[in-house]
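Only one structure is covered here, and it is reproduced in the block below.
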Amino acid sequence: MIDMREDETRAAADGPIALAIIIPVFQESANIAELAARLAAVLEGVAWEAIFVDDNSPDGTADAARALARTDRRIRVIERVGRRGLASAVIEGMLATAAPLVAVIDGDLQHDEALLPRMLAAMEADPALDLAIGSRFVAGGSDAGLSDKRAAQSRLATRLSRGAIGADLKDPMSGFFMARIETIREVLPRLSAIGFKILLDIFTSARRPLKFVELPYAFRSRGAGASKLDRAIAFEYLVMLYDKAFGRIVPARFALFSAIGALGVAVHFAFLTAMFQGANTSFAAAQAVATLGAMTFNFALNNSLTYRDRQLRGPKQLLKGWLSFCVVCSVGALANVGVATWLFETRHALWTLSALAGIAVGAVWNFALSSRFTWSRF
Ligand code: GDD
Ligand code: MN
């Protein structure tokens, strides 16, 4: 006698690919094998693949994933070099699959993989459903695995996002969800891809209300490895919210670059006052030191904030980056003075307007060229 159920199961597992699990990983080598084993267990009977997206972790995360992939064709690896970022890693993973459904799960075992089959059932039951979301904040869910401090931060971030989403989503910070790939492709051109919060990015990028369900799960505490959420990530979150609100008018990166430039002016004056007024240095020497000081300050801040995703590290990269930044800014300063002087002397514009126009030209120049030469991707 033929066991129908078993046959159907086998047909599903061997059939066309149904589901891709995207797993952003950074420094998770100790968790890879365990997660892959758990996925294989809960997804029995489903034609799935798992795509680990690693950003060239120094602990051999990608090697650990490749070791599995050599004997299990359902496991795939994307390794990015010279790039960082959870949201962008997830997007690249999603673009690398032919599966009609994609799920995102953390690579540190904090998300409960047992929820995946239920997400899949929900998506299959309702073709109009865009997303099935793992939620800590619907009945039956919990965030007990987070420290009190992290839980409070997460709640604050959730509150901040309220206005931006326009949907009654209880856990918009969730990094655990399943989506239809068409929905992802629909929002793709508008995604910010900044920072940690890809789900929020998807919701705020959609031009229509997305249909979703939230399924409860308990967020576990972390076993091996450490969280990547730090102050810079929290800052990136604010940058993403900015990008959603005003990014079309002034791009987030340029706004940040300019704000840091304005701080640089304050640094410049601090140096200048200390040396010229305080220490009797000649004006030219004080001005030169102040200029270098401000450029170095701007370089450091842009490197850790504006270009965090392409951050330069190590003495060699930093020195090269700093030098190219100084060259770019020096030319920018010449352009600034040139334009302002031309406006003022030849076109007889107001001196304040001339100065502002010069500053604007210098800022755009510095931004454009430093993104090309100082923080070029490769
Ligand atoms: N490729 C890549 N690049 N992966 C990264 C990066 C990166 O720059 N940064 C973090 N990851 C990976 C981690 O290795 C982990 O698998 C996952 O992304 C989540 O990072 P964690 O550092 O463990 O995040 P968390 O535990 O603080 O935050 C979690 O809780 C949030 C709920 O508030 C994450 O699950 C979030 O997705 C979730 O929204
Ligand atoms: Mn985690």
Side-chain angles (χ1 to χ4, degrees), residues 21-32 34-36 38-39 50-62 64-65 76-94 96 103-113 115 131 133-137 141-161 169-178 193-203 214 217-234 236-237 240 307-311 313:
I21 318 285
I22 313 300
I23 312 155
V25 278
F26 190 74
Q27 306 267 57
E28 305 287 2
S29 60
N31 295 316
I32 301 280
E34 174 63 23
L35 179 59
R38 290 190 194 181
L39 290 178
I51 305 180
F52 288 93
V53 189
D54 171 57
D55 287 344
N56 196 23
S57 302
D59 75 340
T61 297
R76 296 175 50 199
V77 185
I78 294 177
E79 186 174 3
R80 310 191 300 171
V81 178
R83 311 262 309 276
R84 271 303 298 277
L86 198 165
S88 63
V90 166
I91 293 165
E92 288 190 31
M94 287 173 163
V104 184
I105 188 169
D106 282 358
D108 58 2
L109 309 172
Q110 288 194 276
H111 292 152
D112 182 2
E113 63 287 336
L115 195 61
L131 301 123
I133 300 162
S135 174
R136 298 166 289 171
F137 304 130
S142 96
D143 61 351
L146 283 177
S147 68
D148 288 352
K149 191 173 148 224
R150 274 284 281 112
Q153 285 169 349
S154 186
R155 279 165 211 267
L156 174 67
T158 305
R159 228 171 305 137
L160 279 176
S161 74
L169 191 53
K170 297 284 183 292
D171 195 358
M173 300 301 128
S174 178
F176 184 29
F177 59 92
M178 190 177 292
I194 300 171
F196 251 42
K197 298 306 171 189
I198 177 70
L199 183 65
L200 183 62
D201 199 354
I202 291 170
F203 268 85
E214 285 187 272
Y217 80 100
F219 193 89
R220 300 186 192 121
S221 57
R222 195 185 243 278
S227 170
K228 281 53 195 201
L229 198 138
D230 56 16
R231 221 168 279 151
I233 298 277
E236 264 181 350
Y237 177 68
M240 192 195 81
Y307 288 104
R308 186 171 193 278
D309 57 334
R310 315 180 201 169
Q311 200 167 45
R313 292 164 201 274

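We use all heavy atoms of the structure for the numbers below, so side chains are in, but hydrogens, waters and symmetry mates are not. Read the numbers this way: they start at 1 and go in the same order the structure lists the ligands and their atoms. What you are looking at is a predicted structure, and each value in this text was computed from that prediction instead of being measured.
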Inventory of protein N or O atoms under 3.5 Å from ligand 1 N or O:
from     : atom 1 : to   : atom 2 : distance (Å)
ligand 1 : 1 (N)  : V25  : O      : 3.3
ligand 1 : 1 (N)  : V53  : O      : 2.9
ligand 1 : 1 (N)  : D55  : OD2    : 3.4
ligand 1 : 3 (N)  : D55  : OD2    : 2.7
ligand 1 : 4 (N)  : V25  : N      : 3.3
ligand 1 : 8 (O)  : R84  : NE     : 2.7
ligand 1 : 8 (O)  : R84  : NH2    : 3.1
ligand 1 : 8 (O)  : G85  : N      : 2.9
ligand 1 : 14 (O) : F26  : N      : 2.9
ligand 1 : 14 (O) : F26  : O      : 3.3
ligand 1 : 14 (O) : E28  : OE2    : 2.6
ligand 1 : 16 (O) : P24  : O      : 2.8
ligand 1 : 16 (O) : G107 : N      : 2.8
ligand 1 : 22 (O) : S227 : OG     : 3.2
ligand 1 : 22 (O) : K228 : N      : 2.5
ligand 1 : 23 (O) : D108 : OD2    : 2.7
ligand 1 : 23 (O) : R222 : NH2    : 2.7
ligand 1 : 26 (O) : Q110 : OE1    : 2.9
ligand 1 : 27 (O) : R150 : NH2    : 2.8
ligand 1 : 27 (O) : S227 : OG     : 2.8
ligand 1 : 28 (O) : R150 : NH2    : 3.1
ligand 1 : 33 (O) : R136 : NH1    : 3.2
ligand 1 : 33 (O) : R136 : NH2    : 3.2
ligand 1 : 33 (O) : S154 : OG     : 3.3
ligand 1 : 35 (O) : D106 : OD1    : 3.2
ligand 1 : 35 (O) : D106 : OD2    : 2.1
ligand 1 : 35 (O) : H111 : NE2    : 3.1
ligand 1 : 39 (O) : M173 : O      : 2.1
ligand 1 : 39 (O) : G175 : N      : 3.1
ligand 1 : 39 (O) : K197 : NZ     : 2.7

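- Figure legend: cation-pi geometry between R76 and F52 absent, as NZ or CZ is not positioned both under 6.0 Å from the six-membered ring centre and within 45° of its axis.
- Taking the ring centroids of F196 and Y237, they lie at or beyond the 6.0 Å cut-off.
- Using a 4.5 Å heavy-atom cutoff, the side chains of V53 and V90 are not in contact.
- The shortest distance between side-chain heavy atoms of K228 and Q27 falls below 4.5 Å.
- Counting heavy atoms from C-beta on, the side chains of R83 and D309 never come closer than 4.5 Å.
- Side chain to side chain, N31 and E28 meet the donor-acceptor criterion of an N or O pair below 3.5 Å.
- Residues satisfying the salt bridge (charged side-chain N to carboxylate O under 4.0 Å, His left out) criterion with D106, sequence neighbours excluded, are absent altogether.
- In this structure, the separation between NZ on K170 and CD on E214 is 6.5 Å, given to the nearest 0.5 Å.
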Could you go through residues 142-152 and list every donor-acceptor pair under 3.5 Å that involves a side-chain atom there, pairing it with any protein atom two or more places apart or in another chain?
from : atom 1 : to   : atom 2 : distance (Å)
S142 : OG     : A144 : N      : 3.4
D143 : OD2    : R155 : NH2    : 3.1
S147 : OG     : R150 : N      : 3.2

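- Any protein N/O/S atom under 2.8 Å from the Mn ion (ligand 2) was counted, giving 2 altogether.
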